[in-house]
There are 6 protein chains.
Amino acid sequence: MTTTPLLSAPSTAIVGFPASADVEAIVRLALAEDIGRGDLTTEATVPPNAIATAQILQKAPGVVCGLPLVNLIFKTLDPRIDFIPEVEEGSFSAERRVVARLEGPAPGILSGERTALNFLQRLSGVATASRRATELVAGTRARVIDTRKTTPGLRVLEKYAVRVGGASNHRAGLDDGFLIKENHIRAAGGIAAAVTRAQGRAAPGQLVEVEVTTLDELDEALAAGARLILLDNFNPELMRAAVALTDGRARLEASGGITHANLVEVARTGVDFISLGALTHSAGVLDFSLEVIV
Amino acid sequence: MTTTPLLSAPSTAIVGFPASADVEAIVRLALAEDIGRGDLTTEATVPPNAIATAQILQKAPGVVCGLPLVNLIFKTLDPRIDFIPEVEEGSFSAERRVVARLEGPAPGILSGERTALNFLQRLSGVATASRRATELVAGTRARVIDTRKTTPGLRVLEKYAVRVGGASNHRAGLDDGFLIKENHIRAAGGIAAAVTRAQGRAAPGQLVEVEVTTLDELDEALAAGARLILLDNFNPELMRAAVALTDGRARLEASGGITHANLVEVARTGVDFISLGALTHSAGVLDFSLEVIV
Amino acid sequence: MTTTPLLSAPSTAIVGFPASADVEAIVRLALAEDIGRGDLTTEATVPPNAIATAQILQKAPGVVCGLPLVNLIFKTLDPRIDFIPEVEEGSFSAERRVVARLEGPAPGILSGERTALNFLQRLSGVATASRRATELVAGTRARVIDTRKTTPGLRVLEKYAVRVGGASNHRAGLDDGFLIKENHIRAAGGIAAAVTRAQGRAAPGQLVEVEVTTLDELDEALAAGARLILLDNFNPELMRAAVALTDGRARLEASGGITHANLVEVARTGVDFISLGALTHSAGVLDFSLEVIV
Amino acid sequence: MTTTPLLSAPSTAIVGFPASADVEAIVRLALAEDIGRGDLTTEATVPPNAIATAQILQKAPGVVCGLPLVNLIFKTLDPRIDFIPEVEEGSFSAERRVVARLEGPAPGILSGERTALNFLQRLSGVATASRRATELVAGTRARVIDTRKTTPGLRVLEKYAVRVGGASNHRAGLDDGFLIKENHIRAAGGIAAAVTRAQGRAAPGQLVEVEVTTLDELDEALAAGARLILLDNFNPELMRAAVALTDGRARLEASGGITHANLVEVARTGVDFISLGALTHSAGVLDFSLEVIV
Amino acid sequence: MTTTPLLSAPSTAIVGFPASADVEAIVRLALAEDIGRGDLTTEATVPPNAIATAQILQKAPGVVCGLPLVNLIFKTLDPRIDFIPEVEEGSFSAERRVVARLEGPAPGILSGERTALNFLQRLSGVATASRRATELVAGTRARVIDTRKTTPGLRVLEKYAVRVGGASNHRAGLDDGFLIKENHIRAAGGIAAAVTRAQGRAAPGQLVEVEVTTLDELDEALAAGARLILLDNFNPELMRAAVALTDGRARLEASGGITHANLVEVARTGVDFISLGALTHSAGVLDFSLEVIV
Amino acid sequence: MTTTPLLSAPSTAIVGFPASADVEAIVRLALAEDIGRGDLTTEATVPPNAIATAQILQKAPGVVCGLPLVNLIFKTLDPRIDFIPEVEEGSFSAERRVVARLEGPAPGILSGERTALNFLQRLSGVATASRRATELVAGTRARVIDTRKTTPGLRVLEKYAVRVGGASNHRAGLDDGFLIKENHIRAAGGIAAAVTRAQGRAAPGQLVEVEVTTLDELDEALAAGARLILLDNFNPELMRAAVALTDGRARLEASGGITHANLVEVARTGVDFISLGALTHSAGVLDFSLEVIV
């Protein structure tokens, strides 16, 4: 909460680094789990007042993401550590490069290294995957969006990385919008009943989304007044039929079974959104290292 | 902390599910980030007292890991939800199967679904990767061990998954043993000085590990009395030379640049430990789903 | 989070008691601030194992709201205390009545009395005010909605009380939807720019709301594609003009300067939503007391 | 806890702004409930490094209370925001006026606005009500005191506002002094037994207070050695009789059924303290707004 | 907070085990610091479902104190562990004896052993020292009271142990009563000014205590209306003079330089209270052990 | 976690003040339990902006320990308080001396006095006891080590004090190494089984320690490959036999029944480690006071 000033990203785009209490909580948890009762090796071998300069290297092609977080981590450990970004948050490089430098007391730099890299490699992986997917759908009306299939505890950060990579966010959590799935429909006694109930509860700015698995259900959802509909595991042919049937009365989200291989084909069906769980759960990591240079 | 009874794994092997405060903390954080102010859709569509039965399906070949955690998640949401494991924690299946059932109030089951699956798919991915690596080195003296390159916040759980998969854990954090790296050596003024200082601080049961990058440094470390030495980015040939040079005076850990492709070759060099960051940072996820059946 | 089972309201309507971590947090804070190091008087005068029965009385006409919370408070103090609701959450009474009974260890009942009543009187006040406002607008298209002018720490509970009273909720917080106000417009460089930026960031289910202070600005907002517009401090005449100008292209929210005296007139202008800060910040309390009867 | 320096009120009177961990906790809770995962609108429309100047306006006659808290709220969001009070904490104004200015990064100012005003309007309402009641009893021996009928989570702040308004505090919580009520008397087996037990437990500086409902009980309490007695729901005539009967042997507190209408009459009966729940639970809010001026 | 039912002491005397959030906090902290990421030895050697019976032995003469806490500790680790007290909390024994038995899952019993004993040995030490001091002053008007010189984090527990041993508590903390010391007097500009200010802030049930170092200051304090006065480092002769000078106008507390050797002499001077820091900071520990018997 | 810069001890020796989250937690708990809702006396008598200078006096012979913590405590209360150490952390003095000065706002200095001294007197007591024991064994091969018999909540601080006094630490908690005791052996089915299981779970740098009560068990442990063995309650004669029997195959720790009286004799038996619970649980306190000098 006190971290806003630490988090002013070097980026010019406004994607909004999440300066929330959740971010502080996961950073504290991550530092606590790694440092525990103290960094034994550093305490035993490094004089408390030793000063060091270090640089963080990106070692593989991709989009760097997480620089404001790296700053937050080291500032949390020791406010005297200066963090100097060398590239823009969200910038892509095909070459090995220095993305940031650190200057200050050596113990904090050494103790925070692993935690900082663990965050950085993961978020950069997500941003890189998001950028790749976004580039694939360029020229279509479809926007690539994420899902709630995120790493436990890292939700807001991974969704930030998705934006840094140029893709968009679906809802942030179960409290952030309505998505009526099969089980809700059954419990409510049908699509119409479920949609009506949810719309009664929705705030002025909230559209109720409903998931359908067939064209008949799509019809039913449209009749119930749904203006946002998730097509669950439709193949591209069915998606095209759905787009035609809907005819602009609602926005459509394609979800399920979509990979890099068929992403372009899906995007060309005319759906408005394509959600990809893999953006967050299977993005892989981008390799970084920290080197003490003085 | 109060969760021990929830955590009694179905497993017969004693790998020790971490019934720690850290696990509770990440579970609470994960639930809070997903549920936030409440599950709007479920609140609007499902009667508060509706009862449901659901099953959790493993949909890809691999080792299931995280069942005690799934229990903990649903019990945290609603203590009235019964969790019935159908297979053993740590068991492998090449086929699609039901791994557990849930019975109880429907709202809690629906609200916890995504969080439970997000943990389960990740831990099972780590356990599966660990098992694969362990099988590859079978028959050699080498033990596969993990690193601190874990997902922030999930350290103790991922290290548990490594054990469930049959591999072993390196230290749990910076407070859990001494590992003297290049920067520590430089700060302390040489390998001998660093080792001596660390041994002076070490508890009776702690061996001080030191990282070396050349055979000369290995020699120096052995002379300083090190009994556990990390060979940083040695190729297999150099590893064999290191094993010969050491001649049983210390245990050796191979680290850096090791993949599935060269894992067997490394294991055959005679090193005692092979550490693999990929076990945790690049394990991928194993696909699971939750289906409400009644 | 573990409190779901405590919270199953007696109500048949699905308004969703917020079973969230926030509710637990404020209950713990409230109990801690009142009990501190312990209830000195009760510790000194009441035997630890004394058993008591008590009843909670509503002493003024109004809608009762907060019964699930009363249960949670006493269960937090002592799980052995049974809470037996005698009326439905959300029911109105013009007469004095017993709304619930408590049975169990006397110390917990006595120590929790004040905290329980402090919550109950306030939430019932909000529910009563909401019901009154809702009845006034009956027969018009307008829905009465709340604002973010809530009591610090009680946001989710007061918004629940608004629903219990039959009114609706506007967004839950700054992360729960976009509401572009004058300062945002100025910072973004105009209405069109602000709306475009926000829509680029919005999730599929989120409509961007923009605040306007004149009919010209309304025109500009409509041109920018806004589908939800807040009319800030419009008088009823201007509201009617706004409704005519909008002609169904967007939904309109009336806000500012609306009291019970002019609520009906505002509702008849044809606006879709009327937001009332007074529902939460000036609702007053409804009088309750707790009596030990055995 | 770290907030002392932020909290040095401009006031000359020593009423003691509560620089406690409780205050920090409720501020964090209030910010978290309003900001949640982030201020979407501000993130999307306001450049992270934009600078703003704003002023806080008091819009109705009353006593301003809560300025140190406003400072704390904005400093928590962004330490770079300067808070410049323009009037004294606790000062009264019958006119509209600027009470403080803010200068610094615009995002923090915009994100904290609502939370700051929600606190300020409520505390100023309590201080204003306290001042009004205090003025009414001027010239009598009676001191107006508050009760434990406070807003959950805001206890220490509302009691501070009572002092800022010139009234006095009764005990801060159940751990802060003994107040033997009817249920304690019954459990202990009579007034004498209850008073004796409580005095045995009381610290050197603690007087035991006992509640009585009749003159006979008053007699009994005096005989038991009580030196502080609460007259529960006595009418003014009975209060005068109680004052005469007590004859200086104990201090008397009038409580129950006291309103602005009869406050002066009660004060003239000769009681020492008059407790008013309405000071905190029905004080109403004082209207403030925040305007960005640059 | 949820622990009340765990804490119903076997004792018949009402000394009030502090069922507060503070107690839960220190128990969680103590368990966390000892168990950390998990009890490695128990996890590796004891089957998760093994059942054990254990007994807790008092091995030296003294007063047992802390049994409800032992119950809380084991219930926190595993609610299935039954705690069966065999003697009364607060009872004295000159002989070795079994004070309680434990039955339930072995892992929890083994993991909690050290934490439970660490609390028990310390609190029993305090209770034993308190009982000894109380017996020494029997027959005089003096009551032995504790101070704020307690172990950080254990304040409420050590003050409970003081009561279990039969001595009394001074104030619980800086918020629990006024004690004006030399520095406060200097800051306020004299004894009279300090006393007046404090009495203006005091709640109805609070007496203001003031510390004096000479008979002249005592005179001044009495003149200022102080009714509770601390005699700082007076010798017994001066104490007698102070008692005579005061002549019942105030209660007197002797403090500083009092040991077992001169305690009786001090008690006979006629002072009302004797405060002993040694009750808590130098009580020593009473030896206990835990034995698994099945 | 943010406290590293506050904690840079004046000491030249690298014993590692534990800059961990645990330390912050206990400091916050200690301040909260002492200050609670606020320092009433200081609030009532000391102007909020008064400035003071104070000094901390060591009043008895011993080793000062805890200066970085004193700094942390005052900085937590008010970052504007300057802490100026006058002697080295860990230095011994036989004379009364000033160990540190404080300058800054008087309220924070007065409110933090007792908490700071409560920590300082206890840690200095532990350091002094550790130094005494260490001096006694000088010239032998034995190292004095501590145990887990520490004050709940103060574990890492007391273990730091042990190091400051020149003694060494045994494991920090149940997660920090394996120590197989009688109950583990029984549960595992014998010494060999227990040792094997634990070694299978141990990280590369962890030696498994096993406790033995007879020479036969020692034999068995050695045969099982144990390289670190605790001799439980052996008398010095048996210890010598154990040293002879072991003949360098393992390191030996003497534990149980060791006092200052027999410490030298034990040290001369040839054991490697001597663990003393009394270092932490019976060290006594070293007397300090804080005096405001301006």
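None of the values given here were measured: they were computed from a predicted structure. Numbered from 1 within each chain, the chains take letters A, B, ... in sequence-line order.
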Student: Sequence neighbours excluded and cut-off under 3.5 Å, please list the side-chain donor-acceptor pairs for residues 284-294 of chain B, or say none.
Tutor:
none

Student: Going from NZ on K159(C) to CZ on R37(B), what distance comes out if it is rounded to the nearest 0.5 angstrom?
Tutor: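 K159(C) atom NZ to R37(B) atom CZ measures 9.0 Å (nearest 0.5 Å).
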Student: Heavy atoms under 4.5 Å from chain B: which residues of residues 167-176 of chain C carry them?
Tutor: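 Within residues 167-176 of chain C, the residues that come under 4.5 Å of chain B (heavy atoms only) are A172(C), G173(C), D175(C), D176(C).
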